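Okay, structure first, notes after.
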Amino acid sequence: QLVQSTFFPPAEGVMLPTGSFSNRVAFITGGGTGLGRAMTSTLSQLGAQCVIASRKLDVLQQTAEEISSQTGNKVHAVECDVRDPQAVARCVERMETLTGLPDVIINNAAGNFVCPSERLSPNAWRSITDIVLNGTAFVTLELGKRLIQSRKGASFLAITTIYAESGSGFVVPSASAKAGVEALYKSLAAEWGRYGHRFNIIQPGPIRTKGAFSRLDPTGAFEKAMISRIPTGRLGKPAEIANLAAFVSSDYATWMSGAVIRLDGGEYVSMAGEFNELRRVTPDQWKMMEAMIRNTRGS
Ligand SMILES: CCCCCCCCCCC/C=C\C=C\C(=O)SCCNC(=O)CCNC(=O)[C@H](O)C(C)(C)COP(=O)(O)OP(=O)(O)OC[C@H]1O[C@@H](n2cnc3c(N)ncnc32)[C@H](O)[C@@H]1OP(=O)(O)O
Ligand SMILES: NC(=O)C1=CN([C@@H]2O[C@H](COP(=O)(O)OP(=O)(O)OC[C@H]3O[C@@H](n4cnc5c(N)ncnc54)[C@H](OP(=O)(O)O)[C@@H]3O)[C@@H](O)[C@H]2O)C=CC1
């Protein structure tokens, strides 16, 4: 952490009023771990009945039990590989039986690893883009069609990343797929408002989770450099994403659709600004530089 992080302590308590999601059903892909688990916990604390889905049923079941025992609200675990449209259809059928169709859908499941692009096999490319882009599309289309048929409105949220906008070397399948997810959600925000559906996107900056850090910085060698470029001087916390996701998915945000919200401690703009490296210039160096600039005559 950098010194300035003391100005920006994370508030990790649940932000919305108790009961904000009473009588609501939330479906969260990848809800067993990391940010998905944090979002599930927050929505459950706010009264939602949650359904979490991913490949590892044992992980989901453990998370579901831990969260429901803390909140008193049911969390259902449903096995689903989002790459398989038939598995997605079965998962949604199971959810309809358990809870009915959801009011809140969070497409959070993802796969990623750092790799020079020249080392990627076709299957490596397929593996990431299938989880991130096709998985999000299969879940969104399956639920969207059923919600439209039932004339039920819903809030859809996708978790992308700050480099969905800029692109990034070494995570090219993820960058490409996340950019596709953003295009999908912005497009559907325009098309499906008429059915009562909202579509929004959260782009998190770096937040320590085992899933992300073990695949993106396996040796831990890059963490210090990463924190040094974040103006607020620290990593994000899962609860900060969870509070934002709860707000975006809540009745306090019914006028929000097609929004792309970056929550990254300022990392994106810090990396983008051409002159931001001038942060390193000391006051004495500025005196000298200013004098040189002022003494310049003509062009
Ligand atoms: C300046 C540097 C700063 C560093 C900062 C670090 C911290 C940064 C934080 C910011 C993060 C920003 C964005 C994060 C986005 C995320 O999405 S994080 C979430 C990550 N979570 C996961 O990935 C969880 C799920 N992942 C998985 O299950 C697996 O990792 C996988 C591979 C995605 C899928 O598993 P599976 O289906 O079992 O696939 P496999 O059969 O194992 O593999 C499929 C093909 O892919 C090839 N492969 C696998 N791993 C690698 C690798 N490391 N390098 C190259 N290729 C790989 C594998 O060989 C298969 O291909 P072939 O059949 O051709 O061999
Ligand atoms: N942590 C960070 O710094 C950042 C994270 N993000 C995004 O946040 C989200 C959560 O990531 P994070 O919590 O860090 O990482 P995790 O690895 O903990 O979360 C990924 C989840 O996706 C699930 N998943 C993976 N493949 C599939 C599949 N084929 N079908 C269904 N579920 C699948 C995993 O469960 P299982 O293995 O059981 O299938 C896991 O629960 C992702 O969208 C990620 O891109 C974005 C920017 C920064």
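Both ligands and their constituent atoms are indexed starting at 1 by order of listing. Bear in mind that the values here come from a model prediction, so they are computed numbers and not experimental data.
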Q: Enumerate the atoms of ligand 2 whose separation from the nearest heavy atom of L35 is less than 4.0 angstrom.
A: 5 (C), 8 (O), 13 (O)

Proximal candidate to [atom] [heavy atom criterion; set [options]]:
atom: atom 4 (C) of ligand 2; options: G36, G211, P238, G205; result: G205
atom: atom 34 (C) of ligand 1; options: G111, S127, A177; result: S127
atom: atom 60 (C) of ligand 1; options: T160, N123, I162; result: N123
atom: atom 10 (C) of ligand 1; options: P206, G236, G220; result: P206
atom: atom 49 (C) of ligand 1; options: F222, F113, Y163, W125; result: F113

[X]-[Y] side chain donor-acceptor pair, cut-off 3.5 Å:
X: S41; Y: Q45; answer: yes
X: H197; Y: E191; answer: no
X: E182; Y: T160; answer: yes

Using heavy atoms and a 4.0 Å limit, tell me yes or no: is [X] in contact with ligand 1?
X: R55; value: yes
X: R126; value: no
X: M226; value: yes

Q. Are L147 and L98 connected, step by step, through hydrophobic side chains (Ile, Leu, Val, Met, Phe, Trp, Tyr) whose heavy atoms are closer than 4.5 Å?
A. yes

Where on [X] is there a heavy atom closer than 4.0 Å to ligand 1, on the side chain, on the backbone, on both, or on neither?
X: A110; result: both
X: R215; result: side chain
X: S121; result: side chain
X: A124; result: both
X: Q203; result: neither

Q.
Give the atom numbers and elements of ligand 1 that come within less than 4.0 Å of a heavy atom of I128.
A. 33 (C)

Q) Numbering the atoms of ligand 1 from 1, which are under 4.0 Å from a heavy atom of D217? A) 6 (C)

Using non-hydrogen atoms of the residue, decide whether [X] is closer than 4.0 angstrom to ligand 2.
X: S174; value: no
X: C80; value: yes
X: Q203; value: no

Q: Check whether any N or O atom of T161, backbone or side chain, sits under 3.5 Å from an N or O atom of ligand 1, and answer yes or no.
A: no

Q: For ligand 2, indicate whether the residue K178 contacts it via side chain, backbone, both or neither (heavy-atom separation under 4.0 Å).
A: side chain

Q.
One thing to verify: whether E142 and K145 come together as a salt bridge, which I'm taking to mean a side-chain N less than 4.0 angstrom from a carboxylate O.
A. no

Q.
Can a donor-acceptor pair be found, under 3.5 Å and without considering hydrogens, that links the side chain of D103 to the backbone of R24?
A. no

Q: Verify, without hydrogens or angle tests, whether D58 (side chain) and Q62 (backbone) share a donor-acceptor contact under 3.5 angstrom.
A: no

Q: Give me the one residue out of L35, L263, L235 that meets side-chain contact (heavy atoms from CB on, under 4.5 Å) with I207.
A: L35

